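Contents: one structure, followed by commentary.
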Number of protein chains: 4
Amino acid sequence: VLTGNERYELAVRRSPDAETIVEVGGLRIGGDRLVLMAGPCAVESEEQLFATARAVREAGGHVLRGGAFKPRTSPYSFQGLGLDGLRLLAAAGREVGLPVVTEVMSPGDVDLVAEHADILQIGARNMQNFPLLDEVGRSRRPVLLKRGLCSTIEEWLLAAEYVLLGGNASVILCERGIRTFETATRNTLDLNAVALARRLSHLPVIADPSHGTGHRELVAPLSLASVAAGAQGLILEVHPQPASARCDGDQSLDCAQFAALAAQLAPLAVAVGRPLHDAVPAALAGVAP
Amino acid sequence: VLTGNERYELAVRRSPDAETIVEVGGLRIGGDRLVLMAGPCAVESEEQLFATARAVREAGGHVLRGGAFKPRTSPYSFQGLGLDGLRLLAAAGREVGLPVVTEVMSPGDVDLVAEHADILQIGARNMQNFPLLDEVGRSRRPVLLKRGLCSTIEEWLLAAEYVLLGGNASVILCERGIRTFETATRNTLDLNAVALARRLSHLPVIADPSHGTGHRELVAPLSLASVAAGAQGLILEVHPQPASARCDGDQSLDCAQFAALAAQLAPLAVAVGRPLHDAVPAALAGVAP
Amino acid sequence: VLTGNERYELAVRRSPDAETIVEVGGLRIGGDRLVLMAGPCAVESEEQLFATARAVREAGGHVLRGGAFKPRTSPYSFQGLGLDGLRLLAAAGREVGLPVVTEVMSPGDVDLVAEHADILQIGARNMQNFPLLDEVGRSRRPVLLKRGLCSTIEEWLLAAEYVLLGGNASVILCERGIRTFETATRNTLDLNAVALARRLSHLPVIADPSHGTGHRELVAPLSLASVAAGAQGLILEVHPQPASARCDGDQSLDCAQFAALAAQLAPLAVAVGRPLHDAVPAALAGVAP
Amino acid sequence: VLTGNERYELAVRRSPDAETIVEVGGLRIGGDRLVLMAGPCAVESEEQLFATARAVREAGGHVLRGGAFKPRTSPYSFQGLGLDGLRLLAAAGREVGLPVVTEVMSPGDVDLVAEHADILQIGARNMQNFPLLDEVGRSRRPVLLKRGLCSTIEEWLLAAEYVLLGGNASVILCERGIRTFETATRNTLDLNAVALARRLSHLPVIADPSHGTGHRELVAPLSLASVAAGAQGLILEVHPQPASARCDGDQSLDCAQFAALAAQLAPLAVAVGRPLHDAVPAALAGVAP
């Protein structure tokens, strides 16, 4: 399967039952419980973010996602709210009692982002940004490492090896779709990679069907498929009003669609022996819905 | 999703609940019951084929697959048993009471293959072999149309349009993996395509995780994932002794693995609302196991 | 470079100076003279074809191309004039004194096409149509074998091996662009493949910058590049009025553009030591321009 | 050709004859003279680097390349000499009288690298490292922007737009091969992209046939092809002893091969109307060969 030319000390599985569990607050990511991460592509405003955060928590989501620093193909596109976005995200997480994950794009921002976020996301375009991998390797925050758009599974594991070798043992692998010749979908979600990463590595593996498909109506079937293929979590884009989202509206679920998907996932998750984690109770989260 | 540049009269869905059911003997392919097609990559011998056929039937498979005319990359590779293979396949199907599917590679062979097989398979390399599509369009046998290795979903639907326009309304779409930059797997099974083909077309959609992954150990998780994504059937390579198979041994399940997979599929199929068709009872199939 | 897993008896080079020359009439394809093949994507009418044929000959082209049987993605697209197109093509070739090349799509059509054409083209979609390869292997007409849209160089050489093993020693390899993620061009002309095929094989190698780019304005620079990379010929789409062409108008040169390109190629061809073959004199071709 | 969805203010051509010339010392990159950049993949030692530098200058090269900070797929691979490498590179450049180009991988290193290098290279893996693009946009050093392994031409131009918008008008585009399904070559050099970038943009466009092919024996034909396609320069890997190179030995020319290639390029460059810049005279460079 792999080329056999590369050295692995840390990222690959040594025994069939080795399983890394990444702990974030009381939440255990990895193992035989399914985790749902959800939230908007970009933090746009307090109102948008808090509404989403409540909906995510109420529907049973476990982690709130949201982008503050956005890697955008064009310099003329919305680049995210930056530090203001980070602060909003942290506040929203506290409000609803969910840990938060957000992307960090530059080695110089790692400490700042780590102050506000529970999980540091390395985006697909930065999977081989080695100074950034080195820097998050020195952080104590868990790292969500997205597979590059055209990175092989071997390169993905070696990127994880950079972080692990840096001293950070908490790496979550995330398949988010690769670039192929197909134009009917934004990317091609590679569930072979999910199944193979589960076999090759002890690290938790999750999937991102929002970016993996690019189309709202494909998110639900590919979420189900990801879990069936072995994913131990999903990361999903949710927006109160996808039609007016400042980025990725086409692939965002609205709040009701996210709740419906969470409900649809439950029996399948049980059928494959990886039931959903318990939802955070509204009371504990200190929210009056 | 699609380019909007192409004309479709027959292959695309006109209403949300339009569903073509392809009938083969008493078996209904499409709709809300899952179908398992299984058998060896190539018919190699009476002993190999009949052993596989019995195992497929006993494990609950519904259709027996087996190649008689084999498209091989090298002229020095085993090219299949040809007419002898067809006859063995038909005999094995009768013996165990299962319909059979096999590939036809040339317009001139369509009538011959249709005499012996219940379903005509168009292989991935022939998805845009238009004279062949025209010819199976004139046949009364159902057609299993594999997506080409680098064919877009739009091209796949247009290939189906050729067959339908030729007068044959019984087309089954089969996703079998596309060619990408990834080398750890033989192909990349594109489950986006399964979900999208289900939405765009009324035709039954199945998946081939054997070719889609190229590795035996990935066949089970990707079979589960295919069904979760919306596949109404699976076509799987099964061989009594994969290590000595004359082709595709690496991606073939042995008989016990196929039975285990069928058992594993059952609860997931129920969870997604598409339970397995009933198995053919051994008595009806006239076999004393 | 190659996998080392495949057997080659005929398609690969045994010595550095082995060079197959494919003779067509008096024309020698291969070796150190450059050949230009040009003509319309599809034969549309006598007027269109004869005008193009005269322009091709006058500009110094050596072979007339034109499609009679057209492989089209959609069944609703123009499928070519068939036998009438073949006859027109043969007549136009005789009129201007140029040999003709045209595609054959079905094993059953090989004899018919061979009656009318000097070179049998196997199109990209049929590179692994093995019954067709077998059939042209039995023909005495030279074969122009296009590389498949997603075929590796190894698969291309093995496809040539099929034809050679069938008994036909006159195979011309043609790179015509592969399918990649890039959408700004129709295909990606792979000139690595031209250079590598020249090294690996003794067969003549030509390039098709019309399909390889899909855009008229890129045809000239990529024609020059193809020759510089080692191509021993070019096959180009030329149409008297590209804007009204029934297929591939966007990538067709008009007659003046083809003449300009031929003139532009001449010094580069000399600089790389592979000058253009002599043009067919108008007198010999029996045409009063 | 482009999608038409993106805004360009700076990177695209406004008139047919707009041509940006990037000046580095007395050297003019862009326009109708061909520039050769060459040197080792990585700076390994003073001896290795100075020997290469002399050979590059003597053969007519115009810019010395060499990596000090190396982006390596594996954390266990040689990561470059870092600051020591930068200093050696600058010293070698002074010694032979050539400007130097080297990669910068992190926003925090831009000032440091700009102190030692004449041109800042953004590597393929960092083409969409937006904080890095922003930072080199603030630098006064010219930027050599490699196209990403799976970046579209549109994304490449938009990455240039980031740098230009940051205030740095001196951007050189470099095509270095894209990732495709082909495994016989390391990458697929996309000369369609060279020709198209020349048409769409006023920026200088160069090619990297070393990375674009991955095989020494393909570097010469693809160098010729790149120039024929419109490249205004080449960047080539040269090593005194490729077999013992610490990285990319398979694609490195030795010094004699580089000299032979430079000689081979000269007539072709003249034939396409883009002759080589004059070589730096040995006397001016202060070297006694």
Side-chain angles (χ1 to χ4, degrees), chain C residues 1-3 147-157 177-200 207 209 212-215 217-231 250 264-273, chain D residues 1-3 147-157 177-200 207 209 212-215 217-231 250 264-273:
Chain C
V1 176
L2 296 184
T3 60
R147 181 184 179 197
L149 281 78
C150 70
S151 297
T152 64
I153 294 166
E154 178 133 21
E155 291 167 340
W156 190 25
L157 294 176
I178 58 173
R179 190 165 269 190
T180 69
F181 60 82
E182 179 60 65
T183 53
T185 51
R186 182 177 178 186
N187 293 291
T188 299
L189 190 67
D190 180 3
L191 296 183
N192 286 5
V194 167
L196 192 52
R198 286 296 313 273
R199 284 186 65 82
L200 294 173
T213 63
H215 296 288
E217 65 271 26
L218 299 180
V219 170
L222 273 296
S223 293
L224 295 165
S226 297
V227 174
D250 286 348
Q264 199 181 354
L265 280 164
L268 178 124
V270 169
V272 298
Chain D
V1 174
L2 297 183
T3 59
R147 179 182 179 199
L149 283 77
C150 69
S151 297
T152 63
I153 293 165
E154 177 132 23
E155 290 168 339
W156 190 25
L157 294 176
I178 57 173
R179 190 163 269 188
T180 69
F181 61 81
E182 180 59 66
T183 54
T185 52
R186 184 178 177 185
N187 293 291
T188 298
L189 189 67
D190 180 4
L191 296 182
N192 286 6
V194 167
L196 191 53
R198 287 296 313 276
R199 285 185 64 83
L200 294 174
T213 64
H215 295 288
E217 64 271 26
L218 299 180
V219 170
L222 274 295
S223 293
L224 295 165
S226 297
V227 175
D250 286 349
Q264 199 181 353
L265 280 163
L268 177 123
V270 170
V272 298

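Chain letters run A, B, ... following the sequence lines, proteins first, then strands; residues in each count from 1. What you see is a predicted model, and the numbers here were worked out from it, not measured in a lab.
- The residue among C:R186, C:R179, C:R199, C:H215 with the most heavy atom pairs within less than 4.5 Å of chain D is C:R199.
- Looking at D:R198, there are no atoms closer than 4.5 Å to chain C (heavy atoms on both sides), in backbone or side chain.
- With chain D as the partner, the residue from C:A271, C:P221, C:G230 showing the most heavy-atom pairs under 4.5 Å is C:P221.
- Only the side chain of D:T185 has a heavy atom closer than 4.5 Å to any heavy atom of chain C.
- For D:T213, the parts sitting under 4.5 Å from any heavy atom of chain C are the backbone and the side chain alike.
- Minimum interatomic distance between C:I153 and D:E182 (heavy atoms only, all atoms of both residues): N-OE1, 2.8 Å.
- The contact between D:L268 and chain C is made by backbone and side chain atoms together, counting heavy-atom distances below 4.5 Å.
- Although no hydrogens or angles enter the test, the distance criterion places no donor-acceptor pair under 3.5 Å between the side chain of D:E154 and the main chain of C:A184.
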Mind listing the side-chain donor-acceptor pairs of residues 190-197 of chain C below 3.5 Å, one per line with the distance, residues two or more places apart or on another chain?
from: C:D190; atom 1: OD1; to: C:N192; atom 2: N; distance (Å): 3.1
from: C:D190; atom 1: OD1; to: C:A193; atom 2: N; distance (Å): 3.1
from: C:D190; atom 1: OD2; to: C:R147; atom 2: NH1; distance (Å): 2.9
from: C:N192; atom 1: ND2; to: D:N187; atom 2: O; distance (Å): 2.8
from: C:N192; atom 1: ND2; to: D:G212; atom 2: O; distance (Å): 2.9

Evaluate the side-chain contact (heavy atoms from CB on, under 4.5 Å) criterion for residues C:V272 and D:Q264: first the C-alpha distance (whole Å), next the side-chain angles of each, then the deciding distance (0.1 Å), finally the verdict. CA-CA 8 Å; C:V272 298; D:Q264 199 181 353; over 6 Å; no

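- For D:L218, the part lying under 4.5 angstrom from a heavy atom of chain C is the side chain only.
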Could you walk me through whether C:F181 and D:I178 pass the side-chain contact (heavy atoms from CB on, under 4.5 Å) test, one step at a time? CA-CA 9 Å; C:F181 60 82; D:I178 57 173; 3.9 Å; yes

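- Across D:S151, D:S226, D:G177, D:A220, the residue that shares the most heavy-atom pairs under 4.5 angstrom with chain C is D:S151.
- Taking D:L189, D:L222, D:L224 one by one and counting their heavy-atom pairs under 4.5 Å with chain C, the maximum is reached by D:L222.
- Heavy-atom distances place no part of D:T3 under 4.5 Å from chain C, backbone and side chain included.
- In terms of heavy-atom pairs under 4.5 angstrom with chain C, the leader among D:S223, D:A231, D:A228 is D:A228.
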